[in-house]
Amino acid sequence: MALSLAGLGSIAATQTATAQERITYADVQDGEQSVNYKFWVCIVGCPKQAVTAIRLDTIVSINKHTYTVDNMVIKEVTIDTRGNNSIRFYCMNNNPQAQKMAERSKNTRKLIDSKTGGLTTKPAKLFPDGTYSHNIEYLIDDPKKLDDIYESALNAMIRNRGCTYKVN
C-alpha cells in the first residue's frame with residue numbers, strides 16, 4: 001500500500017510542477033526568448049490575437065521564398081508539420097516594376113485572347129484566394145520580421161531548443 005501511495009505522491013508532484021511551468025505570454029518581449037519546453041511559439045501582435053505553438057518534433061520543413069503575383073511581391077515563410085497543418089507567414093508589397101509588366105502583359109493577353117477566343121488563358125493561383133483550410137496564415141507587415149521568424153523557427157528546429165518569438 002505504501003508503494004502505491006508513493007506513486008500517487010509523485011503523480012501529484014508532477015501535476016503541480018506542470019501547472020507551475022504553464023506558459024504565460026503577458027511578459028513576452030519583442031524578439032526571441034529561450035524557453036524550457038520543446039515548442040517554437042510565435043506571437044503575432046497581442047497574445048490575445050494570434051499565437052501559434054508548434055512542437056519541435058512535429059516540424060517537417062521550414063521554407064522561405066519570394067514570388068510575384070500581378071503587381072505584388074509576396075515573401076513567405078511556411079512551416080510544415082506532421083499531420084494536417086501548414087503555418088504560413090507572409091508579407092505583401094507593391095512592386096512598381098511588376099505593375100508595369102502586369103499592365104503590358106494584360107494588354108498583350110487581351111490582344112492574343114481576341115485572336116484565339118481565349119484559348120491561351122492558363123489557370124493561376126489568386127493570392128490569397130487559393131489557400132486551404134489546413135493552412136494557418138499570418139500577414140506580417142515587415143519583410144525583415146519575416147526573415148527573423150524564419151531564422152528563429154529554423155534555429156529552434158536544428159538545435160532542438162524551444163523558444164518564443166514575438167512579432168509586433
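A pairwise comparison of heavy atoms in Ile149 and Tyr165 identifies CG1-CE2, 3.7 Å as the closest pair. Heavy atoms only, all atoms of each residue included: Cys42 and Val167 are closest at SG-CG2, 4.3 Å. Across every non-hydrogen atom of Met92 and Leu139, the tightest pair is N-CD1, 4.4 Å. Nearest approach of Leu56 to Gly162, heavy atoms of both residues: CD1-N, 3.6 Å. Of all heavy-atom pairs between Ile62 and Ile59, the closest is CG1-CG2, 3.8 Å. Shortest non-hydrogen contact noted between Val51 and Val41 is CG1-CG1, 3.9 Å.
Lys38 pairs by the salt bridge (charged side-chain N to carboxylate O under 4.0 Å, His left out) definition with nothing, not counting sequence neighbours. Asp142 is linked by a side-chain contact (heavy atoms from CB on, under 4.5 Å) to Lys144, Lys145, counting only residues two or more places apart in sequence or in another chain. Residues satisfying the salt bridge (charged side-chain N to carboxylate O under 4.0 Å, His left out) test with Asp147, not counting sequence neighbours, are Lys64, Lys75. Residues that satisfy the salt bridge (charged side-chain N to carboxylate O under 4.0 Å, His left out) test with Arg161, not counting sequence neighbours, are absent from this structure. Taking the side-chain contact (heavy atoms from CB on, under 4.5 Å) definition, one finds that Cys91 meets it with Asn93, Pro143, Leu146, sequence neighbours left out. Taking the ring-ring contact (aromatic ring centres under 6.0 Å, His included) definition, one finds that Tyr138 meets it with Phe89, sequence neighbours left out.
Note: the hydrophobic cluster containing Ile158 does not contain Val60 (ILVMFWY, side chain heavy atoms under 4.5 Å, direct or indirect links).
If you take OG1 on Thr78 and CG on Asn63, they are separated by 6.0 Å, rounding to the nearest 0.5 Å. With rounding to the nearest 0.5 angstrom, the OG1 atom of Thr52 is 8.0 Å from the CG atom of Asn85. Rounding to the nearest 0.5 Å gives a distance of 11.0 Å between CE of Met157 and OG1 of Thr58. Between Thr81 atom OG1 and Asp57 atom CG the span is 11.0 Å, to the nearest 0.5 Å.
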* side-chain contact (heavy atoms from CB on, under 4.5 Å) assessment of Val77 paired with Tyr90 -> CA-CA 6 Å; Val77 171; Tyr90 65 95; over 6 Å; no
* To do: Please step through side-chain hydrogen bond (donor to acceptor under 3.5 Å, both in side chains) for the pair Ser61 and Asp80, ending with a clear verdict.
  => CA-CA 5 Å; Ser61 66; Asp80 290 314; 3.2 Å; yes
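The side-chain heavy atoms of Asn94 and Met72, taken from C-beta on, include a pair separated by under 4.5 Å.
Counted by atom type alone, Thr164 and Tyr37 present one or more donor-acceptor pairs between their side chains at under 3.5 Å.
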